[in-house]
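Structure, as structure tokens:
Residue numbers start at 1 and run along the sequence shown.
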Amino acid sequence: QVQLVESGGGLVQPGGSLRLSCAASRSIFSVNNMAWYRQAPGKQREFVASIASVGSTKYADSVQGRFTITRDGAKNTVYLQMNSMKPEDTAVYYCHFEVRPTYYAAFINAWGQGTQVTVSS
């Protein structure tokens, strides 16, 4: 089993910035797609951004131009830089990896435990 550990959440004022990080808790063979999702109170979990192993990125329309997803392949870590934040960005943010734990294993889905992001004055 692969666990993902997130960090960087917190309270920020509207217009401010935060940077989230997510890394695997142990060494893994490879990671394909990395992504961030979020879930606001009373709402379903939604896609935020993803980055493929080759570096191509996708973003939800609501964060396009404000959020940037990057990855460090050597560290198997994904980051989410969030700028010009809005109150509607308030949610629990989850990272997701398509990860191959060992050479002999198939790809599996791994999720982080979630980190709270609150945008409020």
Side-chain angles (χ1 to χ4, degrees):
Q1 186 177 0
V2 176
Q3 292 182 325
L4 305 182
V5 180
E6 300 151 344
S7 60
L11 174 65
V12 64
Q13 292 186 342
S17 298
L18 277 179
R19 189 190 192 213
L20 305 182
S21 301
C22 174
S25 59
R26 64 176 180 85
S27 63
I28 52 180
F29 180 72
S30 68
V31 183
N32 190 10
N33 207 48
M34 295 177 168
W36 289 94
Y37 290 77
R38 66 186 182 186
Q39 187 167 18
K43 295 186 177 181
Q44 290 188 331
R45 190 173 298 189
E46 65 176 6
F47 169 80
V48 176
S50 67
I51 184 166
S53 56
V54 296
S56 55
T57 58
K58 295 181 181 179
Y59 296 93
D61 290 343
S62 59
V63 307
Q64 181 76 48
R66 300 187 298 119
F67 291 9
T68 302
I69 187 170
T70 57
R71 65 189 285 169
D72 184 330
K75 297 180 180 179
N76 285 321
T77 299
V78 66
Y79 305 95
L80 185 68
Q81 178 66 44
M82 304 183 290
N83 299 329
S84 302
M85 297 188 72
K86 305 175 181 179
E88 50 263 44
D89 294 323
T90 296
V92 177
Y93 283 71
Y94 299 89
C95 60
H96 172 264
F97 286 9
E98 294 175 357
V99 59
R100 186 176 175 187
T102 67
Y103 175 80
Y104 300 100
F107 278 99
I108 61 173
N109 292 309
W111 288 91
Q113 79 286 354
T115 185
Q116 178 68 47
V117 171
T118 302
V119 184
S120 175
S121 55

N/O donor to acceptor pairs below 3.5 angstrom from side-chain atoms of residues 41-59, sequence neighbours left out:
| from | atom 1 | to | atom 2 | distance (Å) |
| --- | --- | --- | --- | --- |
| Glu46 | OE2 | Arg38 | NE | 2.7 |
| Glu46 | OE2 | Arg38 | NH2 | 3.3 |
| Tyr59 | OH | Ile69 | N | 2.9 |

List the atom of [X], the atom of [Y], and the distance in Å for their closest heavy-atom pair.
X: Ala23; Y: Thr77; value: CB-OG1, 3.5 Å
X: Leu4; Y: Ala24; value: CD2-CA, 3.9 Å
X: Pro14; Y: Pro87; value: CG-CG, 4.3 Å

Roughly how far apart are Ile28 CD1 and Ile108 CD1, rounded to 0.5 Å?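 That separation rounds to 9.0 Å.
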Look up atom CG in Leu80 and atom OG1 in Thr115, then write down how far apart they are to the nearest 0.5 Å.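 Reported value, rounded in 0.5 Å steps: 11.0 Å.
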Tell me, which pairs form a side chain to side chain donor-acceptor pair (under 3.5 Å) where one or both residues lie in residues 10-30, sequence neighbours left out?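 Counting only pairs at least two positions apart or across chains, the side chain to side chain donor-acceptor pair (under 3.5 Å) contacts touching residues 10-30 are Ser17-Asn83.
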Name all pairs fulfilling the side chain to side chain donor-acceptor pair (under 3.5 Å) condition that reach into residues 63-76, sequence neighbours left out, sorted by first residue then second. Arg66-Asp89
Not counting sequence neighbours, list each pair that qualifies as a disulfide (SG to SG under 2.5 Å) and has a residue in [range].
range: residues 36-84; value: none
range: residues 30-80; value: none
range: residues 17-112; value: Cys22-Cys95

Report yes if some heavy atom in the side chain of Thr90 is under 4.5 Å from a heavy atom in the side chain of Met85; otherwise report no. no
Do Met82 and Val119 make a side-chain contact, defined as non-hydrogen atoms from C-beta onward lying under 4.5 Å apart?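 The answer is no; the side chains never approach within 4.5 Å.
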Should Val99 and Met34 be marked as a side chain to side chain contact (heavy atoms under 4.5 Å, CB included) after you check the CA-CA gap, both sets of side-chain angles, and the distance that decides it? CA-CA 9 Å; Val99 59; Met34 295 177 168; over 6 Å; no
Under the rule for side-chain hydrogen bond (donor to acceptor under 3.5 Å, both in side chains), what residues qualify as partners of [X], not counting sequence neighbours?
X: Gln3; value: none
X: Glu98; value: Asn32
X: Ser7; value: none

Could you walk me through whether Glu6 and Leu20 pass the side chain to side chain contact (heavy atoms under 4.5 Å, CB included) check? CA-CA 7 Å; Glu6 300 151 344; Leu20 305 182; over 6 Å; no
What ring-ring contact (aromatic ring centres under 6.0 Å, His included) pairs are there with at least one residue in residues 65-95, not counting sequence neighbours? none
According to the ring-ring contact (aromatic ring centres under 6.0 Å, His included) rule, which pairs have a member within residues 99-121, sequence neighbours left out? Phe29-Tyr103, Tyr37-Trp111, His96-Trp111
List, by chain and then residue number, the residues other than Val5 in its hydrophobic cluster (Ile/Leu/Val/Met/Phe/Trp/Tyr, side-chain heavy atoms under 4.5 Å); write none if there are no others.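 Under the 4.5 Å side-chain rule, Val5 groups with nothing.
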